[in-house]
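Have a look at the structure below, then the notes.
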Amino acid sequence: MSYADQVFVNMCKGILENGTSTEGEKVRPKWEDGTFAYTIKQFGVVNRYDLSKEFPAITLRRTPIKTATEELLWIWQRKSNNIHDLNAHIWDSWADEDGSIGKAYGYQMSVKHQYPEGMMDQVDRVIYDLKNNPYSRRIMTNIYVHQDLHEMNLYPCAYSMTFNVTKRPGEDKLVLNSILNQRSNDILAANAWNVAQYAVLTHMMAQVADMQVGEFVHVIADAHIYDRHVPMIKELIGREQYPAPKFWLNPEVYDFYDFTPEDVKLIDYQYGEQITNIPVAV
């Protein structure tokens, strides 16, 4: 069975059985009808996935890998903060009349900073260091920029990626590991999506730097299930599980800026029925 399914089910059970409720407390999110969106939450959830063994796509329901990859590239490759550059409608609720989500996500990735080697944005710095300074302990991005928060329509949830290189005994090729830090994660709507996205990113960066993939670690400060999602989660984690799909990344692409969603595939992907009409708190 899929290891990602096991991690997901255990995480959900842990939140439901041991989490704390925010019902009646002062919370920010609201449902479309104006009522407060309460959660059952757990602090400090850490999930580890060995990408060299299998790709972490849950089979309980389908993760649309091309759409997830498109959003990832919208942020990391196109460095855009405008929904008109994105085919999916994920960000529509947070966009202004011009389509902008403010100085968030892709905008922060586009900002150039001064380094000893010259002016680079965060993505280009990661690629430069992976190729030139692979054992650096400083290969990371951070888009939670306090001076710009007041101009963001949504504070970044997935705000930091750290890359760390190791080597397996007896092998010459380096191994790329990564950590995704999230301040907040909506388990039903976004967890499987984020895990798949940043696993794809790790594969892409490894290929660009001529490395193997290693571990992907997902650190969540506030892992929560919304009150209206609880019945859906309970039904989801009780479903049949299938073997993990095989991951394919176009082996002909070595420039990060040449990747497209078509360069990513999940092969032999079996999954359960999709959950539709998931209410989203804003």
Side-chain angles (χ1 to χ4, degrees), residues 1-8 11 46-59 63-73 75-77 109 122-141 158 160-182 191-220 242-269:
M1 298 297 101
S2 164
Y3 175 74
D5 284 334
Q6 297 171 38
V7 170
F8 185 83
M11 174 178 58
V46 180
N47 295 323
R48 307 181 76 105
Y49 307 89
D50 188 342
L51 301 184
S52 69
K53 293 182 177 177
E54 65 181 58
F55 188 82
I58 66 170
T59 71
T63 298
I65 196 67
K66 292 187 186 300
T67 307
T69 299
E70 188 204 1
E71 188 207 18
L72 176 79
L73 295 177
I75 297 167
W76 278 73
Q77 186 193 77
M109 290 303 197
Q122 296 189 61
V123 178
D124 288 337
R125 180 72 209 194
V126 164
I127 295 170
Y128 177 88
D129 279 338
L130 289 177
K131 291 181 176 182
N132 296 282
N133 309 302
Y135 282 105
S136 170
R137 298 187 292 268
R138 303 173 179 179
I139 309 176
M140 62 180 295
T141 61
S160 175
M161 273 290 281
T162 302
F163 297 92
N164 190 273
V165 174
T166 55
K167 183 187 283 189
R168 297 187 181 108
E171 296 185 8
D172 292 329
K173 204 164 190 177
L174 299 178
V175 176
L176 182 62
N177 309 286
S178 64
I179 299 174
L180 171 64
N181 275 290
Q182 285 200 247
N191 181 265
W193 176 275
N194 290 146
V195 169
Q197 281 182 315
Y198 287 89
V200 167
L201 178 65
T202 305
H203 273 277
M204 287 179 170
M205 288 298 183
Q207 184 159 301
V208 165
D210 192 26
M211 298 181 188
Q212 306 176 67
V213 288
E215 271 199 293
F216 167 60
V217 181
H218 191 193
V219 180
I220 310 168
Y242 301 96
K246 298 178 181 66
F247 178 73
W248 178 85
L249 181 65
N250 187 345
E252 303 298 320
V253 181
Y254 286 95
D255 185 331
F256 178 70
Y257 294 99
D258 288 340
F259 281 115
T260 74
E262 298 306 312
D263 293 315
V264 173
K265 293 179 185 176
L266 292 180
I267 301 168
D268 297 329
Y269 190 17

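We're numbering straight along the sequence, starting at 1.
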Where does the angle between the aromatic ring planes of His218 and Phe216 fall among parallel (under 30°), tilted (30 to 60°) and perpendicular (over 60°)?
parallel

Is any side-chain heavy atom of Gln197 less than 4.5 Å from a side-chain heavy atom of Ile75?
no

If you look at every heavy atom in Arg125 and Asn133, which pair is closest and at what distance?
NH2-ND2, 4.3 Å

Asp5 side chain to Thr59 main-chain N or O, any donor-acceptor pair under 3.5 Å?
yes

Please find the pair of heavy atoms, one from Thr63 and one from Ala196, that lie closest to each other, and give the distance.
CG2-CB, 3.8 Å

Nearest heavy atoms of Glu54 and Ala4, plus distance in Å:
OE2-N, 3.9 Å

Could you tell me the separation between the OG1 atom of Thr162 and the CD1 atom of Ile179, rounded to the nearest 0.5 Å?
5.5 Å

Looking at every non-hydrogen atom in both residues, tell me the closest pair between Leu266 and Ala57 and how far apart they are.
CD1-CB, 4.0 Å

Below 30° counts as parallel, above 60° as perpendicular, anything between as tilted: where do the rings of Tyr198 and Trp76 land?
perpendicular

Hey, does Asp50 have a side-chain heavy atom less than 4.5 Å from the side chain of Tyr3?
no

Please determine whether side-chain contact (heavy atoms from CB on, under 4.5 Å) holds for the pair Met140 and Ser160, giving the CA-CA distance in whole Å, both sets of side-chain angles, and the decisive distance to 0.1 Å.
CA-CA 7 Å; Met140 62 180 295; Ser160 175; 3.8 Å; yes

Are Asn191 and Met11 side-chain neighbours, meaning at least one heavy-atom pair lies under 4.5 Å?
yes

Just how far is it from atom OG of Ser136 to atom CZ of Phe163, taken to the nearest 0.5 Å?
12.5 Å

How about Asn177 and Thr166: do any of their side-chain heavy atoms sit closer than 4.5 Å?
yes

Quick check for you: to the nearest 0.5 Å, what is the distance between Gln77 atom CD and Leu201 atom CG?
10.5 Å

Of Ile139, Asp210, Val175, Leu174, which meets side-chain contact (heavy atoms from CB on, under 4.5 Å) against Pro134?
Leu174

For residues Arg168 and Gly214, report the shortest heavy-atom separation together with the two atoms involved.
NH2-CA, 4.0 Å

Do Pro261 and Thr67 have side chains that get closer than 4.5 Å, going by heavy atoms?
no

Value rounded to 0.5 Å, distance of CZ in Arg137 from CG in Asp129
13.0 Å

Do the side chains of Val264 and Leu249 get nearer than 4.5 Å, heavy atoms only?
yes

Full working for side-chain contact (heavy atoms from CB on, under 4.5 Å) between Met205 and Val123:
CA-CA 10 Å; Met205 288 298 183; Val123 178; 4.3 Å; yes

Does Arg48 CZ have over 12 foreign heavy atoms under 6.0 Å away?
no

OH on Tyr257 to CG on Leu73, rounded to 0.5 Å:
11.0 Å

Residue of the set Trp248, Phe247, Tyr269 for which ring pair (Phe, Tyr, Trp, His ring centres under 6.0 Å) holds with Phe55
Phe247

Taking the side chain as every heavy atom from C-beta outward, state whether Phe259 and Thr69 have any pair of such atoms under 4.5 Å apart.
no

Quick check for you: to the nearest 0.5 Å, what is the distance between Met109 atom CE and Asp124 atom CG?
11.0 Å

Keeping to residues at least two apart or across chains, list the salt bridge (Lys or Arg N to Asp or Glu O under 4.0 Å) pairs with something in residues 252-262.
Lys66-Glu262

Minimum heavy-atom separation for Leu176 to Thr202, with atom names?
CD2-O, 3.7 Å

Find out whether Val208 and Lys131 are in side-chain contact, i.e. whether some heavy atom of one side chain is under 4.5 Å from a heavy atom of the other.
yes

